[in-house]
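Throughout, a chain's letter reflects where its sequence line sits, starting with A, and its residues are numbered from 1. The figures that follow rest on heavy atoms only: side chains count, while hydrogens, waters and symmetry mates do not.
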Amino acid sequence: MAKINYWLMKSEPDVYGIEDLKKETETLWDGIRNYQARNFMRSMKINDQAFFYHSNCKPPGIVGMMKVEGVRLVDPTQFDSNSKYFDPKSSQKEPRWDCTKMSYIGKFEKGINLDQLKELYKPEDLQLVRKGNRLSIMPIKKETALELLQKLGNPIP
DNA sequence: GCCAACGTTGGC
DNA sequence: GCCAACGTTGGC
């Protein structure tokens with residue numbers, strides 16, 4: 001089996017939550033306008049897995065699991081002048097922003113919230129709990145990811 | 001709604 | 001290339 005990498009992707013449940021993904025089965029993870037996050041997205045591979053994190057809600061935390069279905073896709077919202085993600089500085093020839101296609105794997109029965117994650121992990125082991133961290137996409141160390149999956153149990157489709 | 005911690009922009 | 005001003009994220 002090919003080696004896969006693990007990631008964490010944040011979304012506000014009011015904007016796009018795990019229930020939306022469950023319903024749609026798959027989605028384009030667009031609207032990323034931060035270079036660091038974009039670069040992480042660019043290093044994703046098909047079949048990589050990502051923890052779905054609900055941010056800006058109470059309590060914030062990991063709620064489900066996704067799989068990468070497509071990589072380095074052009075983010076269509078950058079060319080849409082009606083979109084809040086419209087970027088006038090991007091060009092069709094050299095699109096500045098791209099995105100991945102993610103599919104729904106499942107939801108964790110209990111999930112794990114930020115407080116618990118802070119208790120369990122140091123910033124070195126989980127970037128998410130680093131103070132002032134605002135990155136919406138980040139890699140998760142394999143050890144940490146596997147341990148989390150153990151704790152969380154199987155995602156429920 | 002506040003604000004800390006960034007990231008980005010633009011003048012110089 | 002510096003840095004002040006501004007905007008955004010996201011926890012609280």
Trainee: Between the main-chain N or O of A:Tyr16 and the side-chain N or O of A:Ser11, is there a donor-acceptor pair closer than 3.5 Å?
Mentor: yes
Trainee: Check the distance between C:dT8's P and A:Arg38's CZ and give it to me in whole angstrom.
Mentor: 19 Å
Trainee: What are the residues of residues 110-132 of chain A, sorted by number, that bring a heavy atom to within less than 4.0 Å of DNA chain C?
Mentor: A:Leu114, A:Lys118
Trainee: Using atom types as modelled and distance alone, determine if a side-chain donor or acceptor of A:Gln78 lies under 3.5 Å from a backbone N or O of A:Arg96.
Mentor: yes
Trainee: How many whole angstroms separate atom CZ of A:Phe40 from atom P of B:dG7?
Mentor: 11 Å
Trainee: How many whole angstroms separate atom CZ of A:Arg33 from atom C1' of B:dT9?
Mentor: 17 Å
Trainee: Tell me if the centroids of the rings in A:Phe52 and A:Trp7 come within less than 6.0 Å of each other.
Mentor: no
Trainee: Do A:Leu114 and A:Leu149 sit in the same hydrophobic cluster, where Ile, Leu, Val, Met, Phe, Trp and Tyr count as joined when their side-chain heavy atoms come under 4.5 Å apart?
Mentor: yes
Trainee: Find the distance A:Asn133:CG to B:dC6:P and express it as a whole number of Å.
Mentor: 9 Å
Trainee: Between A:Asp20 (side chain only) and A:Gly17 (backbone N and O only), is there a donor and an acceptor less than 3.5 Å apart?
Mentor: yes
Trainee: A:Lys89 has a side chain; which of B:dG10, B:dC6, C:dG10 sits nearest to it?
Mentor: B:dG10
Trainee: CD of A:Gln36 versus P of B:dT8: gap in Å, rounded?
Mentor: 8 Å
Trainee: Which part of the nucleic acid does A:Glu12 contact within heavy-atom distance under 4.0 Å: base, sugar-phosphate only, or nothing?
Mentor: nothing
Trainee: Need to verify one output field. Residue with the more 5' nearest nucleotide on DNA chain B, A:Asn56 or A:Asn34?
Mentor: A:Asn56
Trainee: Find which nucleotide of DNA chain B each of A:Arg96 and A:Arg134 is nearest to by heavy atoms, and output the residue with the more 5' nucleotide.
Mentor: A:Arg134
Trainee: Applying side chain to side chain donor-acceptor pair (under 3.5 Å), can you list everything that pairs with A:Ser55, at least two apart in sequence or on another chain?
Mentor: none
Trainee: What nucleotide, of C:dG10, C:dG11, B:dT8, holds the atom closest to the side chain of A:Tyr35?
Mentor: B:dT8
Trainee: From B:dG7, C:dG10, C:dG11, pick the nucleotide closest to the side chain of A:Tyr53?
Mentor: C:dG11
Trainee: Using the side chain to side chain contact (heavy atoms under 4.5 Å, CB included) rule, pick out the option among A:Met44, A:Glu69, A:Arg42, A:Arg72 that qualifies with A:Thr100.
Mentor: A:Met44
Trainee: With a 4.0 Å cutoff (strictly under), does any side-chain N or O of A:Lys10 reach OP1 or OP2 of C:dT9?
Mentor: no
Trainee: Starting at CG of A:Asp14 and ending at C1' of C:dG10, how long is that distance when rounded to a whole Å?
Mentor: 13 Å
Trainee: A:His54 NE2 to C:dT9 P: how many Å, rounded?
Mentor: 17 Å
